[in-house]
Every structure is written in structure tokens, then in C-alpha cells.
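We number each residue from 1, following the sequence as shown.
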Amino acid sequence: MKKTVITVAVALTVGLGTTFGGITIKTEAESISSLKGEQSKIHDKRSNLKEDINQANGQINSLKNQQAGVQSEMKRLDFAIEDTTTKIDDKTEKVNDTKAEVTKLQAETKVIQERIKKRNVLLMDRARSYQENGGMVNYLDVLMGSTSFSDFIDRANAVATIVQADQDIIKQHEADKAELAEKQAKVEKNLSSLENMLVDLKNMNQQLSAQKKEKDKLLASLKDKEEEVHEGMMDMQEEEQILAGQEAAIQKAIQMEKEAQARAAEEAKRNSSSSSSNNGSNNDSAPRSDATPNVSSGYWTQPTTGYLSSGFGGRGDGNHYGVDIANGTKMPIVAAADGVVIRSYYSSSYGNCIFISHSINGKVYTTIYAHMTARYVGSGATVKKGQKIGLMGNTGASRGQHLHFELHKGPWTLDKRYAINPVGIVPLP
């Protein structure tokens with residue numbers, strides 16, 4: 001999941017009231033009051049964020065419940081589709097069996113039709129014989145031509161048998177025709193019914209599949225919405241954590257201000273006639289033995305050694321709100337000025353990164369050190385100019401080992417509205 005670094009929403013818009021290296025301080029009422037005012041604003045902002053986070057949690061739970069309902073409905077549709085598919089297979093098999101029965105009946109029909117044809121010929125022959133020979137007259141001649149009573153009885157039985165045979169032929173003829181008509185009607189009715197049921201089942205299956213497809217789309221939409229809300233909640237949580245770090249940094253700045261004012265008052269008592277001035281330097285540049293850059297005079301010093309691989313401003317993939325300093329060796333990273341660490345953490349975009357708040361001549365600056373392979377100071381730590389805070393690396397959204405360094409005249413914000421080009425302000429390679 002894409003996770004963005006969140007805005008430090010409320011900044012130290014006034015000087016921290018002191019320097020972290022001896023810069024001239026403001027009056028006690030002005031500096032401490034300003035710091036407490038900023039601290040109160042951040043506290044209120046954190047409270048609002050917590051409410052927003054709770055609302056986002058509620059929305060996520062609601063989306064999860066909706067997803068559970070859709071998944072339950074999809075499960076029901078799956079069972080219905082499975083049942084309909086089974087019925088389709090069963091009806092298809094019965095249709096095939098009925099069609100086979102129709103084929104068999106067609107063969108039987110040919111046999112019955114052949115029998116009927118032969119009977120028709122026989123009956124027609126008998127009819128012709130009856131017309132040509134007088135029908136019953138011939139039967140009387142047969143009876144009257146008997147030589148004895150016994151012969152008469154035999155001849156009468158024979159005539160009765162012949163007449164009965166003719167009647168049986170006619171009855172069988174009618175029975176065969178009725179049977180054929182009944183079988184044909186029954187099979188055709190069964191086949192039509194099965195085919196209609198099969199069409200209905202296939203239509204039902206298509207409707208169920210269409211419903212399931214719509215549920216799939218709805219579920220995907222709910223999951224996307226949950227991911228969006230979850231990402232937003234993570235953004236708010238990260239913002240709240242950054243604000244918490246900044247609130248703690250201000251609290252530390254207030255304490256440092258009080259201590260600095262106490263020291264200044266004590267110094268004033270000892271030497272009321274002189275006023276010391278300090279330009280924020282750690283005196284002259286001093287060579288370092290651990291590959292860290294030399295500490296420059298003035299308020300700022302070079303954050304690492306290497307070469308400037310990418311400058312401030314527009315480039316192919318959009319605006320670049322800092323500068324990149326690259327080196328083939330994992331060089332130490334140092335604090336560019338005295339300050340308090342707002343947050344030291346891992347970000348999906350910045351990788352291992354450190355946010356530091358500085359007060360220079362009563363103005364607030366923020367520096368960012370990104371893509372480090374290691375961090376040596378934690379959130380809330382007080383750092384001195386030139387102090388080692390990490391090691392150059394290639395973490396987060398990085399394409400090669402380097403330090404991404406940002407300078408903001410004010411707070412860091414998501415839209416980078418306060419970002420300025422450090423060239424000419426902070427010593428760079």
C-alpha cells in the first residue's frame with residue numbers, strides 16, 4: 001500500500017526563542033509565550049486528528065461489515081449457481097435420454113406402420129373377396145355343403161374362427177394406431193417440457209452469474225474504498241506522530257529557552273558592561289577523522305561529502321524540492337545546524353529519514369535527511385551542528401545511494417510550500 005509522509009501540519013512559526021549554539025535570544029515573555037502558543041496549537045491539531053482517526057476507524061469497520069454482507073450474498077449465489085448447474089446437467093442428460101427414446105420410437109413406429117400396412121392389404125383383400133363372392137353367402141354355402149352334423153359343427157367353428165380373426169385384425173390395427181399416437185404424444189410432451197425446463201434453468205444460471213458479477217464489482221469497490229480510507233487513516237496517524245514529535249521538540253525548546261535565559265541573566269550579572277555576540281558557529285573548520293565533512297563556520301555546515309547529483313527544482317519526474325548528494329561510499333550524515341529532532345523514523349517514500357527543527361536568528365528552519373541506511377539519533381534528541389546523525393544509503397523511493405537533503409524556511413508540509421533551494425545557504429559539495 002502506498003504510504004505517504006504526512007505534513008507537519010503546525011509549524012514553529014516563530015523562533016524557538018533561543019539558539020542551540022548561542023544565538024542572541026528574544027525577551028523571555030515574547031519567546032516562551034510564542035513557544036507555548038505554538039505548542040497549544042499543535043495539541044489542538046492532534047486532538048482533531050485523533051477524532052478524525054476514530055471516524056476513519058468507524059468507517060473502515062462499516063466497510064468491513066458491508067464486505068462481509070456482500071461476501072455472504074456471493075456465497076449464497078455460488079451455492080445457487082452450483083445447484084442450477086447440477087440441475088442443468090441432470091436435465092440435459094434427461095433431454096438426451098428422451099431424444100434417444102424418440103429415436104427408438106421412430107424405429108418402432110416404422111415396424112408398427114409396416115404391420116398396419118400389411119393388415120390394410122389383408123383387410124382390403126377380404127373386402128374384395130366379400131364383394132366378389134357375396135360375403136356371407138359363401139360362408140352359408142360352406143355350412144350347407146357339410147356331409148354330416150359333425151362336419152357342420154366343424155365348418156361352423158372354422159367360419160367363426162375366420163370371422164373372429166378378421167375382427168381381431170381390425171382391433172389390433174386400431175390398438176396399434178392408438179398406441180403409436182399415445183407414445184408419440186407422450187414423448188413429444190416430455191421432450192418439450194424438458195427442453196423448456198432446460199431453457200429456464202440456463203436463463204436462471206445466467207441471471208445468477210450476472211448477479212455474482214455485480215457483487216464482485218461491489219466487493220472490489222468496497223475493498224478499494226477501505227484501502228483508501230485505511231491509507232488516509234495511516235496518513236493521519238503519521239501526521240499525528242509527527243505533531244507529537246514537534247510538540248515534544250517545542251517542550252524541549254521551552255526548557256532550553258528557560259535555561260538559556262537563566263544563563264544569560266547570570267552572565268549579565270557578571271559582566272553588565274559587555275554584550276557577547278555569536279554567529280552560531282563552532283569556530284573555525286576542523287578536520288574530521290571519521291570521513292564526516294569538516295564543520296563550517298557560521299550557522300550551517302555541509303551535511304555529507306560527495307557530489308551534487310541532482311539539484312533543486314524541476315526535473316523529468318516532477319519538482320525536486322531538495323538536493324541529492326551522492327557518493328560511492330556510505331558516507332556519514334551530519335546535522336546541518338544545531339536543532340531538535342522532530343522525528344526519526346522509516347518512511348515508505350523517504351526511507352530512513354530524520355526531521356530536524358532549527359532556530360536561526362529568531363526564524364524557524366526545518367531540514368530533512370532522507371534515504372539513509374542507518375539513523376543514529378532518535379526523535380526528541382538535541383543535536384549540534386556537525387553531529388553524526390546517520391549513514392548514507394538507498395532506502396525508500398530511491399534510485400541509488402545518496403542523501404536527499406531538504407531545507408524549509410518554516411515547517412515541512414506535504415505540498416512543500418516552504419521548501420527553498422539550500423544552495424548559497426547551506427554549504428554543499
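Residues meeting the side-chain contact (heavy atoms from CB on, under 4.5 Å) test with Pro422, sequence neighbours left out: Phe312, Val323, Phe405, Leu407, Val426, Leu428. The side-chain contact (heavy atoms from CB on, under 4.5 Å) check on Thr305 picks up Pro293, Gln302, Asn327, Met331, with sequence neighbours excluded. For Tyr369, the side-chain hydrogen bond (donor to acceptor under 3.5 Å, both in side chains) partners are Thr367, not counting sequence neighbours. For Lys94, the salt bridge (charged side-chain N to carboxylate O under 4.0 Å, His left out) criterion is met by Asp90, not counting sequence neighbours. Taking Lys225 as the reference, nothing meets the salt bridge (charged side-chain N to carboxylate O under 4.0 Å, His left out) condition, with sequence neighbours excluded. With sequence neighbours excluded, no residue forms a side-chain contact (heavy atoms from CB on, under 4.5 Å) with Glu51.
Thr84 places no side-chain N or O within 3.5 Å of a backbone atom of Leu201 that could act as its donor or acceptor partner. No donor-acceptor distance shorter than 3.5 angstrom exists from the side chain of Asn205 to the backbone of Thr85, with no hydrogens or angles considered.
Relative ring orientation between His358 and Trp300 is described as perpendicular, the plane-to-plane angle rising above 60° on a 0-90° scale split at 30° and 60°.
Applying the 6.0 Å contact sphere to CE of Met204 captures no more than 12 heavy atoms from other residues, nucleotides or ligands. Residue Arg270 places its CZ atom among more than 12 non-hydrogen atoms of other residues, nucleotides or ligands, all under 6.0 Å distant. Other residues, nucleotides and ligands contribute at most 12 non-hydrogen atoms within 6.0 Å of the NZ atom of Lys202.
Screening Tyr321, Tyr418, Tyr350 for a side-chain hydrogen bond (donor to acceptor under 3.5 Å, both in side chains) with Glu406, the sole residue that qualifies is Tyr350.
The cationic atom of Arg76 (NZ for Lys, CZ for Arg) does not lie both less than 6.0 Å from the six-membered ring centre of Phe79 and within 45° of the ring axis.
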